[in-house]
Amino acid sequence: MYVRDLPLSDSVIDHYESLGIEELYPPQAEAVDAGVANGGRVVAAIPTASGKTFIAELAMLTADGPGLYICPLRALAREKYETFSALPGVSVGISTGDYDSPADELADHDIVVATSEKVDSAIRNGANWVADLACVVVDEVHLLGAEGRGPTLEVTLANLQRRAPGVQIVALSATVDNPEDIADWLDATLVESTWRPVDLRTGVYADGLVEFNDGTELTVDVDDGSTPNGADEDTEATVALVEDAVHNAGGQCLAFVRSRREAEALAERLAREGLATGASATVADDLTAVDGTSTGHRLADCVRDGVAFHHAGLRSTHRAVVETAFRNRYLAVICATPTLAAGVNVPARRVVVRDQQRYTGSSMEFLPVLEVHQMCGRAGRPHLDPYGEAVLVGDESSRAELDERYVDADPEAVESKLRDRTALTTHVLSIVATGFADSHATILEVLEATFYAHQTPVADLSGIVDDVTAELVEMGMLTEGTSETFTATDLGAQVSRQYVAPETGARIVSGLRRAAEMPAENVTGLTVLQLVADTPDMQDTYLGNRERAAMYQYARNHDAEFTVGMNDAEEFERWLETVKTARILYEWTEGETMETIVENYRIGPGDLESRVERTEWLLGAADALATLLDLDVPEIARVRSRL
DNA sequence: AAGAACGTGTTTTAGACAGCATGTC
DNA sequence: CTAAAACACGTTCTT
């Protein structure tokens, strides 16, 4: 099947042909056969890099009206926004938390790229462009099974269909065990394939030898001169595998490890192997220009030797520089935590997964098969490699287990997480606030359209809806009328629009009331920052044992400033963490440099950046709620302007 | 006596979406 | 109830 035979305009066909895209990949042809180019609903469960973007474009270009492309990450949204913008005669808009086309223009675009939360928010705020959509493409639908964000995605998809009945839905999934469940739910045709444009061989390394699943083998010379305890062996094997790929296979590598610290340690170890490229120094200079943090300096030093590390402790600019440099082949290796497994497109010749287990708060657990497969799937650069190689590092005792668990295994099934209480509370409130439902029965009706209801008999939802609505009434977010009818209160409506969890809204409200009663001189920047830090929508900040005593002292000295004092705190340890978060943010608003804060509180520059971002959002919500309740807390505005 | 080597108890551990209104190179 | 590796720090062993 050829591009020129598809129902596309001449200029679009020329565009594809100029990119060298003439004949469709097999999964793309299957999608066409399933009707993507004719308004048909399709679920495509195919590997990354097997041409999903083309399927998405095809659906949106042939649809009879505007298209919406939903994806899970902002960085991904940016990447797609740029790709779609290159299509001739197509106007593209973007809507994510950090980067937004003007809201009134969204309706005028042919394609809008957005994160799922942003789409959910648009629906909650009654955006009219949603109803006019002819086509919705959902990337990474398997995230339906993710705790926290999965429920948002399924409720959003259910609501979208309510607002735009009969829209064409095209869902793109990684290879999972039950794609037919998703296809069934969406009333779509399933296209399933494991075809890849570049072959992939996966294997396990143990004792100097990689045994690949295509029967081939690779001997690796491991320099085990250094003290051989378990960890060093894995690291040295990883070093040898990376070096071999770069020097002998002419390729770049990704190495996945368990923690940030180990990503950095491995990068520093690899920096001694002479992997620098001609452009390494330029990239290093770009990185140094971002900031003067020690993390930035260490990254630049590694990059000078052709090696980078990549994890969420890095600022987004640092991450973007590393990703781009790697794509341009200015870097030989990236040592990464799972950030890179599902993020933007960074294909490599060889992927080495050194650690397959991770601490989960209570014990070491094997990574999900899907996650390991996504890491491995990054191997194989189109037009550059004859095949990609993915290697799991193990030893003789674990070889068989790793083979069975990952190499030969199917990924997990996608299971709805909507039953989660917090998720239901949030979405039931939004369903009522948006006007999709006004009673127990109609709430159930809306929920019946979700993936959860599709997978599980609905009967047991009824009781939960009772509990959840009762809780929302108790919180003052809903009022109950006669015969189980519900209306959102002004507070409930505002909480839903501000996109904070009901629990967050309730905590902000009680904090604001308390602050309004406190002596004015006690209401400081720290007060409002701790107030928003002590909500479930703020991520907690790790409080190390070493700094606990000093933090306790600080909390005592400022106790009068907190809306919830140390004696009233329900969980003291968590409360003390919120004090740490607030203290960090307070110093930030007082003009302390990122370098100093990052040094003093032992957090990554990226951690500070993301907390500041969340604080902007949560203080915005606090401001809106204060106005609604007619509570005067001027510190909010002052702190907001200094973030 | 300096420094390497060893032993033991302690510390730490992945990721990342969202409001709203303006202004910028 | 469930782990493992790095680190900090003190002690012993070598030269």
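Per chain, numbering begins at 1; letters A, B, ... match sequence-line order.
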Give one of base, sugar-phosphate or nothing for A:Arg614, where a contact means two heavy atoms less than 4.0 Å apart. base
Separation of A:Leu643 CG from A:Glu613 CD (nearest 0.5 Å): 11.0 Å
Is the ring centre of A:Trp617 under 5.5 Å from the base ring centre of B:dA18, and are the two planes under 30° apart, so that they stack? yes
Using a 4.0 Å heavy-atom cut-off, does A:Leu73 contact any base of the nucleic acid, only the sugar-phosphate backbone, or nothing at all? sugar-phosphate
Quick check on DNA chain B: between A:Leu543 and A:Gly313, whose nearest nucleotide comes earlier from the 5' end? A:Leu543
Nearest nucleotide by nearest heavy atom, which residue falls closer to the 5' end of DNA chain B, A:Thr337 or A:Thr96? A:Thr337
Please tell me if A:Thr115 has a side-chain N or O lying less than 4.0 Å from either OP1 or OP2 of B:dA18. yes
Assign A:Ala621 to base, sugar-phosphate, or nothing according to its heavy-atom contacts below 4.0 angstrom with the strands shown. nothing
Under 4.0 Å between any heavy atoms, over every strand shown, what does A:Asn125 touch: base, sugar-phosphate, or nothing? Just pick one. sugar-phosphate
Let's see if you can work this out: which of B:dA18, B:dT12, B:dA14 has an atom nearest to the side-chain heavy atoms of A:Arg602? B:dT12
Taken to the nearest whole Å, CD/A:Gln498 to C1'/B:dA21 is 12 Å
Classify the nucleic acid contact of A:Gly544 as base, sugar-phosphate or nothing, counting any heavy atom under 4.0 Å across all strands shown. sugar-phosphate
Between A:Arg261 and A:Glu365, whichever has its closest DNA chain C nucleotide further toward 5' is A:Glu365
Validation row: A:Val257, A:Cys335 side chains within 4.5 angstrom (heavy atoms): no
Value in whole Å for how far the C1' atom of C:dT2 lies from CE of A:Met364: 12 Å
Just name whichever nucleotide pairs with B:dG15, Watson-Crick or G-U, keeping both distances under 3.5 Å, else none. none
What is the separation between atom NZ on A:Lys118 and atom P on B:dA16, rounded to the nearest whole Å? 18 Å
Closest nucleotide of DNA chain C for A:Arg258 versus for A:Ser363: which of these residues is on the 5' side? A:Ser363
So A:Glu412 and A:Val176, do their side chains get closer than 4.5 Å, heavy atoms only? no
Is any side-chain nitrogen or oxygen of A:Arg319 closer than 4.0 Å to OP1 or OP2 of B:dA16? yes
Is there a side-chain contact between A:Ser259 and the phosphate of C:dA5, meaning an N or O under 4.0 Å from OP1 or OP2? no
From CD of A:Glu262 over to P of C:dA4, roughly how many Å is that when rounded to an integer? 13 Å
Just N and O in the side chain of A:Arg260: are any of them under 4.0 Å from OP1 or OP2 of B:dT12? no
Rounded to whole Å, how long is the line connecting atom OH of A:Tyr542 with atom C1' of B:dT10? 10 Å
Here the distance between atom P of B:dC20 and atom CG of A:Leu619, to the nearest Å, is 15 Å
How long is the line joining CD1 of A:Ile636 and P of B:dG19, in whole Å? 18 Å
Touch check for A:Arg611, heavy atoms < 4.0 angstrom, all strands: base, sugar-phosphate only, or nothing? nothing
Does A:Ile70 reach the side chain of A:Leu68, with side-chain heavy atoms less than 4.5 Å apart? yes
G-U wobble or Watson-Crick pairing nucleotide for C:dC1 (cut-off 3.5 Å, both distances): none
Nucleotide B:dG23, atom P - distance to CG of A:Asp100 in whole Å: 16 Å
Are any of the side-chain heavy atoms of A:Met551 and A:Arg548 separated by less than 4.5 Å? no
In whole angstrom, give me the gap between the P atoms of C:dC7 and B:dA14. 14 Å
Is the shortest distance from a Lys or Arg side-chain nitrogen in A:Asp120 or A:Arg124 to a carboxylate oxygen in the other one below 4.0 Å? yes
Does the structure place the NZ or CZ of A:Arg583 under 6.0 Å from the centre of the six-membered ring of A:Tyr554, at an angle of no more than 45° from the ring's axis? yes
Check the phosphate of B:dT10 against A:Arg546, side-chain N and O only, distance under 4.0 Å to OP1 or OP2. Yes or no? no
With both distances kept under 3.5 Å, what pairs with C:dA6, Watson-Crick or G-U wobble? B:dT10
Near-parallel close stack of A:Tyr359 and C:dA3 base (under 5.5 Å, under 30°): yes
A:Gly97 near the nucleic acid: base, sugar-phosphate alone, or nothing, with a heavy-atom cut-off under 4.0 Å? sugar-phosphate
A:Glu616 near the nucleic acid: base, sugar-phosphate alone, or nothing, with a heavy-atom cut-off under 4.0 Å? base
